[in-house]
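We name chains A, B, ... by the order of the sequence lines, and we start the count at 1 in each one.
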Number of protein chains: 2
Amino acid sequence: MPTVSKEDYIKAIYNTKNSGNGTATTSGIAEKLDVSKAATSEMVQKLSDLGLVDYEKYKGMSLTSEGERVALQILRRHRIWEMFLIEVLGLSWSEVHDEAERLEHSTSDFLIDKIEEFLGFPKFDPHGSPIPNKNFELPDAPLIYSLNEVSIGFSYKISRVLDKSNELMKYFTKIGVALHKEVFVKEILSFDGSVVIQIDGNEITISQKTAGYIFVCMPEGGAIG
Amino acid sequence: MPTVSKEDYIKAIYNTKNSGNGTATTSGIAEKLDVSKAATSEMVQKLSDLGLVDYEKYKGMSLTSEGERVALQILRRHRIWEMFLIEVLGLSWSEVHDEAERLEHSTSDFLIDKIEEFLGFPKFDPHGSPIPNKNFELPDAPLIYSLNEVSIGFSYKISRVLDKSNELMKYFTKIGVALHKEVFVKEILSFDGSVVIQIDGNEITISQKTAGYIFVCMPEGGAIG
DNA sequence: GTACAAATTTAGGTATTCCTAACTTAATAA
DNA sequence: TTATTAAGTTAGGAATACCTAAATTTGTAC
Ligand SMILES: [Mn+2]
Ligand SMILES: [Mn+2]
Ligand SMILES: [Mn+2]
Ligand SMILES: [Mn+2]
């Protein structure tokens, strides 16, 4: 029902809440969507009038349950498209996000259901992100940890990466970061938080910021001790 | 480059020129796109300023060669999507057009090329319409005739239908009209131009208007005598 | 050739979504 | 607490794509 713009705002609010910072701020959403704070402030008030966002002036914003439903619907479309583009058409990790960013607004639920069926009802997308089901419910996800909060001297399995940008995805591909691969954490540099890992036999140093975009679990799926 | 609206206007002008009436009029485009004549008049002037349409006030409109290039690009996207939706996802003839009508504006040429490759570079879409290639050139098409201009007492092969609406497609499916099927033309009623055909062993009467949306060629591809 | 009707364009407005600049509120630091 | 700055909002305006109602142009019928 919402327009392309509204859908992108709602998704941005959802993603902010459910990853990292926690609170969605006017400035944060404006930056994420590359629009002015003024435009964001106006739009948030419109979304509030529509009952999709809880909002009090100067106090911050959060999705209503209806807004969250819409967010999950869009995430479902986005992630199913990314899955399709990679699994069926063979696009690369760095090519899918921008396509999905547009397709997510032009696809009926009917069509998304068909694609999901064609793909065999996957629970996670090619970045390891959970795909909401037909009823917009998220699958149970195993406990995962970012590479920043992990114990030194152990091996882990990469279970999710955040597709923040094409460039990041290209970088991941280049250094060998891919889903289900094993990484050994050698060291975390005390002075800047960089994480030194071993992957495919190569030793690689990843900045703290980028390490925060890589999530891992225990190789056998057990809890991290 | 053009917006969704502009793309749909350009496509409407192209389709009017290349099927039936010939000349694109303000009223005709307005009706086809379900907008006011005023909106159409304004938009045509804008498209003229953009160099996509040749236009002189009160005199009518036609696409420039650049406009035609854009039209073929959009037709290419539309038809490849329809092919994909039917061949790969198994949607029905009546379900694909509306989806393609939206997807055609949200798909990069890069992605369309990938889908085309996945489909094996088809030359015609599921309605028998030609698919422009990567360079926006139409394939050579065999001579075809509408069911209105065909000789009585002969058999033909259905080689193209115009997907004017979902309802028309459902009707075609219901009465057995499908690509590559054989029809025997029994009679054309003198008083209203209805065409009486035999298809799948059933005798069916089709109105003159609807017959104009069905195109056939000789069963072996020869010329119609 | 005029008068009328149909087709088309223009005038004046609305709704979206965005902008910059100005203003207001909240947070912080001395 | 108070000054300063950061964050957020409002004011005023632009671009797009529509609309209805009022011209205007064109073509046709007498
Ligand atoms: Mn993505
Ligand atoms: Mn998007
Ligand atoms: Mn179609
Ligand atoms: Mn369209």
Side-chain angles (χ1 to χ4, degrees), chain A residues 1-17 20-63 67 70-71 74 101-102 104-106, chain B residues 1-17 20-63 67 70-71 74 101-102 104-106:
Chain A
M1 224 17 69
T3 61
V4 172
S5 271
K6 290 191 176 69
E7 289 188 346
D8 279 338
Y9 277 96
I10 288 170
K11 200 162 55 121
I13 296 170
Y14 181 95
N15 281 333
T16 301
K17 268 275 161 52
N21 343 21
T23 332
T25 63
T26 302
S27 309
I29 300 302
E31 180 165 11
K32 191 173 291 200
L33 295 180
D34 197 27
V35 295
S36 68
K37 293 169 189 174
T40 303
S41 189
E42 283 169 344
M43 182 59 96
V44 167
Q45 294 178 48
K46 230 171 288 175
L47 292 173
S48 172
D49 293 344
L50 291 169
L52 298 169
V53 161
D54 277 327
Y55 169 71
E56 223 185 320
K57 267 176 192 150
Y58 296 104
K59 291 292 169 52
M61 67 194 78
S62 64
L63 294 177
V70 173
I74 304 163
E101 197 60 51
R102 277 175 288 110
E104 68 187 354
H105 309 291
S106 314
Chain B
M1 222 18 70
T3 60
V4 171
S5 270
K6 291 191 175 71
E7 289 187 345
D8 280 337
Y9 277 97
I10 288 170
K11 199 163 54 124
I13 296 170
Y14 181 95
N15 281 333
T16 301
K17 267 276 160 54
N21 342 24
T23 331
T25 63
T26 303
S27 309
I29 300 301
E31 180 164 12
K32 192 173 289 200
L33 296 180
D34 197 27
V35 296
S36 69
K37 293 168 189 175
T40 302
S41 189
E42 283 169 342
M43 182 59 96
V44 167
Q45 294 178 50
K46 230 170 290 175
L47 292 172
S48 172
D49 293 343
L50 290 169
L52 298 168
V53 162
D54 277 328
Y55 170 70
E56 222 183 321
K57 266 174 194 155
Y58 296 104
K59 293 288 169 55
M61 67 194 79
S62 64
L63 294 178
V70 172
I74 304 163
E101 198 59 52
R102 277 174 286 110
E104 66 188 355
H105 310 290
S106 313

Nearest non-hydrogen partners of B:Glu104 and B:Asp8, listed with the distance: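 That would be OE2-OD1, 3.4 Å.
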A:Ile10 versus A:Gly67, closest heavy-atom pair with distance: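 Shortest heavy-atom contact: CG2-O, 3.6 Å.
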Dot-bracket notation for DNA chain D, counting Watson-Crick and G-U pairs under 3.5 Å, with | for partners on another strand: ||||||||||||||||||||||||||||||
Side-chain heavy-atom pair A:Thr40, A:Met43 within 4.5 angstrom cut-off: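 The answer is no; the side chains never approach within 4.5 Å.
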Side chain to side chain, A:Ile13 and A:Met61, heavy atoms closer than 4.5 Å: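 The answer is yes, as the side chains (C-beta and beyond) meet within the 4.5 Å cut-off.
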Just list the side-chain donor-acceptor pairs under 3.5 Å for residues 25-39 of chain A, sequence neighbours left out, or say none.
from    : atom 1 : to      : atom 2 : distance (Å)
A:Thr25 : OG1    : A:Gly28 : N      : 3.0
A:Lys32 : NZ     : A:Thr16 : OG1    : 3.2
A:Ser36 : OG     : A:Ala39 : N      : 3.0

[N] [atom2] sits how many Å from [X] [atom1], rounded?
{"X": "A:Lys59", "N": "D:dT9", "atom1": "NZ", "atom2": "C1'", "result": "14 Å"}
{"X": "B:Met43", "N": "D:dC19", "atom1": "CE", "atom2": "C1'", "result": "14 Å"}
{"X": "B:Tyr55", "N": "D:dT25", "atom1": "OH", "atom2": "C1'", "result": "11 Å"}

Terminal contacting nucleotides, 5' and 3', DNA chain C versus chain B (heavy atom, 4.0 Å):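 Endpoints of the contacted stretch of DNA chain C: C:dA7 to C:dG12.
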Single hit among A:His105, A:Glu101, A:Arg102 for side chain to side chain contact (heavy atoms under 4.5 Å, CB included) with B:Ser106: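 Among A:His105, A:Glu101, A:Arg102, the one meeting side chain to side chain contact (heavy atoms under 4.5 Å, CB included) with B:Ser106 is A:Arg102.
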Residues within residues 24-37 of chain B bordering DNA chain C, heavy-atom distance below 4.0 Å: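 Listed by number, they are B:Thr25, B:Thr26, B:Ser27, B:Lys37.
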For residues 46-57 of chain B, which side-chain N or O atoms pair as donor and acceptor with protein atoms under 3.5 Å away, sequence neighbours left out?
none

Distance in Å, B:Ile74 CD1 paired with B:Lys11 NZ, rounded so as to fall on 0.5 Å steps: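 Rounded to the nearest 0.5 Å, the CD1-NZ separation comes out at 7.0 Å.
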Sugar-phosphate only, base, or nothing, as touched by A:Lys57 at under 4.0 Å among non-hydrogen atoms: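 Result for A:Lys57 = sugar-phosphate.
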Any A:Thr40 side-chain nitrogen or oxygen under 4.0 Å from OP1 or OP2 of D:dG8: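 So the side chain of A:Thr40 is outside the cut-off, no N or O lying under 4.0 Å from OP1 or OP2 of D:dG8.
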Residue whose nearest DNA chain C nucleotide is more 5′ - A:Tyr9 or A:Tyr58: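 First, find each residue's nearest nucleotide; the 5'-ward one identifies A:Tyr9.
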Pairs under 3.5 Å (N/O, protein and nucleotides 11-15 of chain D):
none

